Amino acid sequence: MSVEVRDGRIHWIGSASQWQGNRATIRVVDGRARTLIPGLMDCHVHYSSPGGPEWIARFTDPLPEISMRAIELAETSLRSGVTTARDVGAPYGVSIRLARAARAGEIRAPNIRAAGTWIAHRGTYVSFARLFEETDELRNAIKTEIESGADLIKVALAGWNEGVRPQDAPDIPFDKKLLVVAVDEAHKAGFKIACHANDPTSCRIAAHAGVDSLEHGMFLEAQDLEAMAKNKTYLVPTMSVWDAMLYYARAIDWPEARKKRAEDLRQGSRAAVTAAVKAGVKIALGTDAGGGAARHGRIAREAELMVECGMEPHHALIAATSSAAALIGESERGTIEEGKIADLVLLDANPLENIGALDSETYGGPGGI
Ligand SMILES: [Zn+2]
């Protein structure tokens with residue numbers, strides 16, 4: 001098959017012998033014995049942090065450090081075949097500025113869709129999120145993100161931070177009632193809403209609230225998955241994070257309890273993916289590079305993990321291309337079709353035979369955990 005690109009768009013697809021154009025006026029990229037795929041999409045990254053064992057502390061680095069690093073990491077990501085990324089949370093809204101620079105062609109980076117800053121209930125999650133307590137404050141937080149230039153809304157459901165839980169308060173203060181308010185506010189403004197949930201109660205709340213995507217989502221049970229399939233909520237499993245955590249647990253000898261937690265989360269997320277596939281839940285690929293221990297430029301690992309959990313290689317590829325495009329709202333990318341943006345990656349091997357073909361190390365990109 002041959003693909004003709006004109007002015008950045010796919011103009012024609014067909015057998016080379018059928019092509020009518022003038023060879024003298026075009027540049028030919030020889031793809032023989034190679035495989036052309038749509039540009040890869042990572043639906044869950046944080047370019048403001050490099051990942052690694054101290055990933056949370058890195059979000060509190062000085063702003064100039066975070067900004068410069070974000071530019072470098074976005075380029076690392078691009079070189080690994082990621083042409084579109086959803087940056088789902090950065091301190092100071094750095095991702096919004098990064099997305100704008102990418103759009104303007106000022107930096108070498110993927111096409112970036114940025115949530116501004118995480119929105120979380122006060123007393124939970126990280127202190128550098130945008131924090132709220134009451135309904136009005138939540139609505140205002142979402143409006144502020146939109147006014148700041150965010151492309152989507154990111155909320156985080158989480159338990160109380162140590163020692164701050166008020167008496168008689170529920171485990172998860174960002175409850176279903178508040179989450180429905182957030183979904184309503186985002187959707188009313190025409191924005192998608194991504195929801196972080198990585199404990200059983202948060203997963204249950206998020207699965208039933210009609211969010212566009214549930215991020216992480218270990219501990220999803222049958223009735224949660226059923227609700228997600230019904231609500232057309234995507235699961236973005238981010239399995240790479242637990243693998244990376246286990247790597248560091250062993251490499252720098254974390255305490256036993258922390259190692260055990262990483263192992264439990266890894267098991268939980270694998271089981272959730274296998275069950276989600278069976279339940280017909282849509283899956284979009286996300287690595288959580290930077291937002292956990294996983295580093296940038298390793299999208300192939302997430303696809304490999306999907307295959308390990310029972311997804312066919314072509315389903316893992318769909319999760320990283322057309323399914324991700326549908327979640328992100330990129331109707332002009334994610335498939336190789338005439339008229340679409342020529343957002344393409346040429347691989348040395350066929351990922352349908354071996355999903356490891358997505359690994360940029362095979363074509364000289366960055367490696368390592
Ligand atoms: Zn994240």
Side-chain angles (χ1 to χ4, degrees), residues 41-61 66 69-70 73-74 76-77 82 84-96 98-99 110 112-120 124-130 145 150-159 174 192-199 202-203 206 211-219 233-245 248 262 265-266 268-269 272-273 283-299 301-302 305 319-320 324 327-328 369:
M41 299 192 177
D42 190 335
C43 296
H44 194 128
V45 299
H46 303 269
Y47 289 132
S48 46
S49 164
E54 303 289 333
W55 73 93
I56 296 176
R58 296 281 72 78
F59 283 118
T60 64
D61 285 341
I66 290 179
R69 180 167 69 208
L73 293 172
T76 301
S77 188
V82 173
T84 296
R86 227 176 32 150
D87 190 313
V88 283
Y92 314 108
V94 161
S95 55
I96 293 174
L98 187 74
I112 298 170
R113 294 296 190 100
T117 298
W118 310 260
I119 295 173
T124 70
Y125 208 59
V126 290
S127 60
F128 46 88
R130 190 179 294 285
E145 288 305 328
D151 299 304
L152 72 143
I153 298 302
K154 170 74 178 297
V155 293
L157 270 49
F174 201 158
K192 298 212 179 193
I193 179 164
C195 181
H196 160 109
N198 71 354
D199 63 76
S202 298
C203 283
V211 294
D212 295 287
S213 60
L214 198 161
E215 313 290 315
H216 317 303
M218 306 74 84
F219 311 114
T233 297
Y234 282 76
L235 175 63
V236 181
T238 71
M239 288 183 284
S240 311
V241 173
W242 319 119
D243 265 37
M245 267 175 88
Y248 291 114
L265 293 173
R266 180 171 186 269
S269 78
V273 171
I283 296 184
L285 186 145
T287 58
D288 203 5
R295 293 199 186 271
H296 295 268
R298 297 275 297 147
I299 190 171
R301 183 66 191 135
E302 186 71 24
L305 289 165
L327 167 60
I328 297 177
I369 286 265

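We count ligands from 1, going down the list as the structure has it; atoms in each ligand are counted the same way. Nothing here was measured: the structure is a model prediction, and the numbers come from that model.
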Problem - Charged N-O contact under 4.0 Å between Asp243 and Arg266 - result: yes

Handout entry: Shortest non-hydrogen separation from Lys154 to Ala115 and the atoms involved
Key = CB-CB, 3.7 Å

Problem - Shortest non-hydrogen contact between Pro110 and Thr84, atoms and distance - result: CB-N, 3.9 Å

Exercise for the section: Please check if any side-chain donor atom of His216 sits under 3.5 Å from a side-chain acceptor atom of Thr238, or the reverse. Expected result: yes

Practice task
Answer yes if the side chains of Tyr47 and Ser95 hold a donor-acceptor pair under 3.5 Å, and no otherwise.
Solution key: no

Practice task
Under the ring pair (Phe, Tyr, Trp, His ring centres under 6.0 Å) rule, collect the residues that match up with Phe59, sequence neighbours excluded.
Solution key: His46, Trp118, Phe128

Completion exercise
Near the Zn ion (ligand 1) (protein N/O/S, cut-off 2.8 Å, waters excluded) we have His44 NE2, His46 NE2, Asp288 OD1

